[in-house]
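Because only heavy atoms are used, hydrogens play no part in the values below, and waters and symmetry mates are left out as well, while side chains stay in.
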Amino acid sequence: MLVGQGYDVHALVEGRPLILGGVEIPYKYGLQGHSDADVLLHAIMDALLGALGEGDIGRHFPDSDPNLSGVDSRKLLRKVAALMVERAYEVGNIDSTIIAQQPQMAKYLKGMCVNIASDLGARENQINVKATTTEQLGFEGQGKGIAAHAICLLSKV
C-alpha cells in the first residue's frame, strides 16, 4: 500500500467559471490558473502522484506548456489514473477537503465524487469530498481564494 497527500490553492477572480471536482458551480468568481484551476482535482492528483513517487502535477503538467492552457483538469486526472494503472495500483480510498468561505458546496459534493470515481476507475464509496469554511479567517475566509487538501491510499492490484 502507498499513501500520498496533496494540497493546492488558487485565487478567486472575476471572469472565470468556478470548477471544483469537475463540477461547474454557479458563482460570481472563478479560480485563476493556467488550466481550469480545479484546486480539488489538483490536490488529488498531487496525492496520487506523491503516493507513486512521481513528484507533483507541475512536473507532469507544467504551467509553461501552452497546450495545457485552459485544460480540463479531469483530462489530467485521467492521465494520472493511467499512470497508476501502469504501475499496477488502484485507489483504496481518497479523502479530500475544500476550504472556502463561499459559495455553499453541499449540493455539489456528490457530483464531484461521481466525477472523481469515474475518472479513476474507483467506486463512489472510495471517494470522499468535504467542504469547510475558515470562519472568515485567512485568504479563504476573506474570499480571496480556495484551497483543497487530499490524501489517498493506493493498493497493489
Side-chain angles (χ1 to χ4, degrees), residues 1-13 16-25 30-100 105-106 108-134 138-140 144-157:
M1 288 194 260
L2 303 173
V3 175
Q5 65 89 30
Y7 171 79
D8 195 34
V9 61
H10 285 276
L12 284 164
V13 295
R16 289 195 44 126
L18 177 59
I19 300 170
L20 295 167
V23 174
E24 187 166 341
I25 299 171
L31 293 169
Q32 183 177 31
H34 184 67
S35 67
D36 63 7
D38 188 328
V39 293
L40 176 61
L41 295 187
H42 293 184
I44 289 171
M45 285 187 277
D46 271 350
L48 294 167
L49 290 166
L52 294 168
E54 284 288 333
D56 61 19
I57 62 172
R59 176 173 153 196
H60 292 265
F61 312 112
D63 61 8
S64 59
D65 184 343
N67 296 319
L68 297 177
S69 179
V71 70
D72 180 343
S73 292
R74 290 187 69 194
K75 180 178 178 181
L76 304 180
L77 182 60
R78 289 189 289 272
K79 289 183 179 192
V80 172
L83 178 62
M84 183 180 65
V85 169
E86 179 184 304
R87 299 284 172 80
Y89 281 93
E90 63 185 3
V91 171
N93 77 303
I94 293 173
D95 187 34
S96 58
T97 306
I98 301 166
I99 303 130
M105 296 190 202
Y108 304 104
L109 300 177
K110 172 111 173 108
M112 294 176 198
C113 291
V114 167
N115 288 344
I116 295 162
S118 174
D119 291 343
L120 294 175
R123 295 182 311 278
E124 286 177 42
N125 67 355
Q126 293 173 288
I127 310 299
N128 190 52
V129 178
K130 307 176 294 290
T132 190
T133 68
T134 62
F139 70 89
E140 302 101 326
K144 294 180 181 178
I146 294 177
H149 292 269
I151 187 167
C152 71
L153 175 68
L154 301 182
S155 300
K156 195 75 168 165
V157 177

### Query
Counting only N and O atoms by type, is there a donor-acceptor contact under 3.5 Å from the side chain of D46 to the main-chain atoms of D56?
no
### Task
Can you see which heavy atom on I98 is nearest to which on V129, and at what distance?
CD1-CG1, 3.9 Å
### Task
With sequence neighbours excluded, give me every ring-ring contact (aromatic ring centres under 6.0 Å, His included) pair touching residues 38-87.
H10-H42
### Task
Look only at the side chain of N115 and the backbone of S118, and say whether a donor-acceptor pair between them is shorter than 3.5 Å.
no
#### Entry: Contacts of type side chain to side chain donor-acceptor pair (under 3.5 Å), residue N128, not counting sequence neighbours
D95
### Query
Counting N and O atoms only, with roles assigned by atom type, does the side chain of Q126 sit under 3.5 Å from a partner on the main chain of G92, one being a donor and the other an acceptor?
yes
### Query
Considering residues at least two apart in sequence or located in another chain, which fulfil the side-chain contact (heavy atoms from CB on, under 4.5 Å) criterion with H149?
Y7, I99
### Message
For the OG atom of S35 and the CG atom of L68, what is their distance to the nearest 0.5 Å?
### Response
8.0 Å
### Query
Below 4.5 Å, heavy atoms only, C-beta onward: do S96 and K130 meet side chain to side chain?
no
### Residue pair R74 / L41, side-chain heavy-atom distance below 4.5 Å
yes
### Task
Report yes if the side chains of V114 and E124 come closer than 4.5 Å at any heavy-atom pair, otherwise no.
yes
### Message
Checking Q32 now: which residues fulfil side chain to side chain donor-acceptor pair (under 3.5 Å) with it, not counting sequence neighbours?
### Response
none
### Task
Check the pair D65 / V71 against side-chain contact (heavy atoms from CB on, under 4.5 Å), numbers first and verdict last.
CA-CA 11 Å; D65 184 343; V71 70; over 6 Å; no
Identify every side-chain donor-acceptor pair in residues 77-91 under 3.5 Å, counting partners at least two apart or on other chains, and give the distances.
| residue | atom | partner | partner atom | Å |
| --- | --- | --- | --- | --- |
| R78 | NH1 | D119 | OD1 | 3.0 |
| R87 | NH1 | E54 | OE2 | 2.9 |
| R87 | NH2 | E54 | OE2 | 2.4 |

### Task
Output the distance between atom CD1 (I44) and atom CD1 (I116), rounded to the nearest 0.5 Å.
3.5 Å
#### Entry: side chain to side chain donor-acceptor pair (under 3.5 Å) partners for K75, two or more places apart
none
### Task
Would you name the heavy atoms of S155 and M1 that are closest together and state the gap between them?
OG-CG, 4.2 Å
### Query
For the atom pair CG (D36) and CG (L76), what is the distance rounded to the nearest 0.5 Å?
7.5 Å
### Task
Could you tell me whether a side-chain N or O of D63 sits under 3.5 Å from a main-chain N or O of G58, the two making a donor and an acceptor?
no
### Minimum-distance pair of heavy atoms, taken over all atoms of L31 and V13
C-CG2, 4.4 Å
### Query
Can you check whether L18 reaches I146 side chain to side chain, under 4.5 Å on heavy atoms?
yes
### Task
Provide the closest heavy-atom pair for A51 versus C152 in the form atom of the first, atom of the second, distance.
CB-SG, 3.9 Å
### pair L120-L48: side-chain heavy atoms closer than 4.5 Å
yes
### Query
Can you name the closest pair of heavy atoms from L20 and M112 and give their distance?
O-CG, 3.3 Å
### Query
Under 6.0 Å from the NZ atom of K110, do we count more than 12 heavy atoms belonging to anything else shown?
no
### Task
For G33 and R16, work out which heavy atoms get closest and say how close.
O-NH1, 3.1 Å
